Amino acid sequence: LVNVLNIGKENAMVGQSSSSNTYLTGAAVPGDQGTILWGDDANEKCKRTGWQPWHTYKLTRPFDVKDLDSTFGSCFFIKAQGVVLDCDGYVIKGVYPYTNTNSKGVEIASDSVVVKNREIKNFFEGVRIKSGVNNAQSLSNKLHVNMYGIILDPNAKYNTIYDNEIISNGNSGIWFFSGASSNTVQ
């Protein structure tokens, strides 16, 4: 199988370790069980635990990450099925230059997760879709000034990257590890 790309933006670079992959169209948008506003409380920082499955989390402010944990550097680590992270246009900003090679803006570790409407910059990895994750979506995002814009791990399948602006990333805009297959980029 080979990943199918439909890229209409300049400077969109796609990297791939030796692998054969196919992109299929569309992943189902999860059913929303409620909306949770995130960021109203000054104590609400990057979120790594406590996600409610099939809920929408809507950011209410930008997140400027100045000191990520060096061993677990994801600003948003989503490990609950069907979560929608709607950033409502707010920026998730890491530290530049990114000396922490573990830093990630968003790390997706569960099926049917949607991340949309955000700008993410200054991380080693803008978005990482973990091995074995299916039907995740990155929709209408701006990913720039990261080392990698989006990374799909081995066995990440049937994921959709749609209407993203992926430019000025250091190594690659989109990187597919060997075994990532049946993903769609438009």
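The shown structure was predicted, so the numbers you read here are calculated from the model rather than taken from an experiment.
- Partners of T101 under the side chain to side chain donor-acceptor pair (under 3.5 Å) rule, at least two apart in sequence or in another chain, do not exist in this structure.
- Pairs passing the salt bridge (Lys or Arg N to Asp or Glu O under 4.0 Å) check and including a residue from residues 171-186, sequence neighbours excluded, do not occur.
- Not counting sequence neighbours, S131 has no partner by the side chain to side chain donor-acceptor pair (under 3.5 Å) test.
- Looking at L37 and T60, their side chains come closer than 4.5 Å, going by heavy atoms from C-beta outward.
- In this structure, V127 and E125 have side chains that are not in contact, with every pair of non-hydrogen atoms separated by 4.5 Å or more.
- Contact check for V83 versus W54: no side-chain heavy atoms found under the 4.5 Å cut-off.
- Atoms NZ and CG, from K58 and L85 in turn, are 11.5 Å apart once rounded to the nearest 0.5 Å.
- The heavy-atom pair separating N155 from N134 by the smallest distance is O-OD1, 4.4 Å.
- What you find for F77 and W51 is that their closest heavy atoms are O-NE1, 2.6 Å.
- Looking at I92 and C87, their side chains come closer than 4.5 Å, going by heavy atoms from C-beta outward.
- The distance from atom CG of L152 to atom CZ of F177, rounded to the nearest 0.5 Å, is 10.0 Å.
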* Asked: Can Y158 and D111 be said to form a side-chain contact (heavy atoms from CB on, under 4.5 Å), step by step?
  -> CA-CA 10 Å; Y158 309 108; D111 292 344; over 6 Å; no
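- No side-chain donor-acceptor contact under 3.5 Å links N135 and S112.
- Between N164 and L143, the closest side-chain pair of non-hydrogen atoms falls below 4.5 Å.
- Judged as a salt bridge (Lys or Arg N to Asp or Glu O under 4.0 Å), the pairs with a partner in residues 134-154 (not counting sequence neighbours) are, in order, R128-D153.
- Taken from CD1 in I78 to CD1 in I129, the straight-line distance is 10.5 Å, to the nearest 0.5 Å.
- Side-chain heavy atoms closer than 4.5 Å link hydrophobic residues (I, L, V, M, F, W, Y) into clusters, and following such links, possibly through other members, connects V84 to L139.
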Name each donor-acceptor pair under 3.5 Å that joins a side chain in residues 113-124 to protein atoms two or more places apart or in another chain, with its distance.
| residue | atom | partner | partner atom | Å |
| --- | --- | --- | --- | --- |
| N117 | ND2 | D86 | OD1 | 3.2 |
| R118 | NH1 | N141 | OD1 | 2.9 |
| E119 | OE2 | H144 | NE2 | 2.7 |

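- Inter-residue side-chain proximity for S138 and T160 is flagged as unmet; no heavy-atom pair is nearer than 4.5 Å.
- Side chain of R48 to backbone of C75: no donor-acceptor contact under 3.5 angstrom is found.
- Looking at residues two or more places apart in sequence or on another chain, you find a side-chain contact (heavy atoms from CB on, under 4.5 Å) between Q52 and I36, H55, Y57.
- Shown here for V185 and I174, the closest heavy-atom pair between the two residues is CG1-CD1, 3.8 Å.
- The backbone N or O of N169 sits nowhere less than 3.5 Å from a side-chain atom of N146 that would complete a donor-acceptor pair.
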* To do: Go through the steps to decide whether I150 and I166 satisfy the test side-chain contact (heavy atoms from CB on, under 4.5 Å), and finish with yes or no.
  => CA-CA 9 Å; I150 299 176; I166 305 172; 3.9 Å; yes
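- Enclosure of atom OH in Y90 by more than 12 non-hydrogen atoms of other residues, nucleotides or ligands within 6.0 angstrom is indicated.
- Between K47 and W38 there is a side-chain heavy-atom pair separated by less than 4.5 Å.
- Heavy-atom minimum distance, D64 versus G94: OD1-O, 4.4 Å.
- Considering CD1 of I151 and CE of M147, their distance stands at 10.0 Å, rounded to 0.5 Å.
- Without hydrogens or angle criteria, S110 side chain to Q81 main chain gives a donor-acceptor distance under 3.5 Å.
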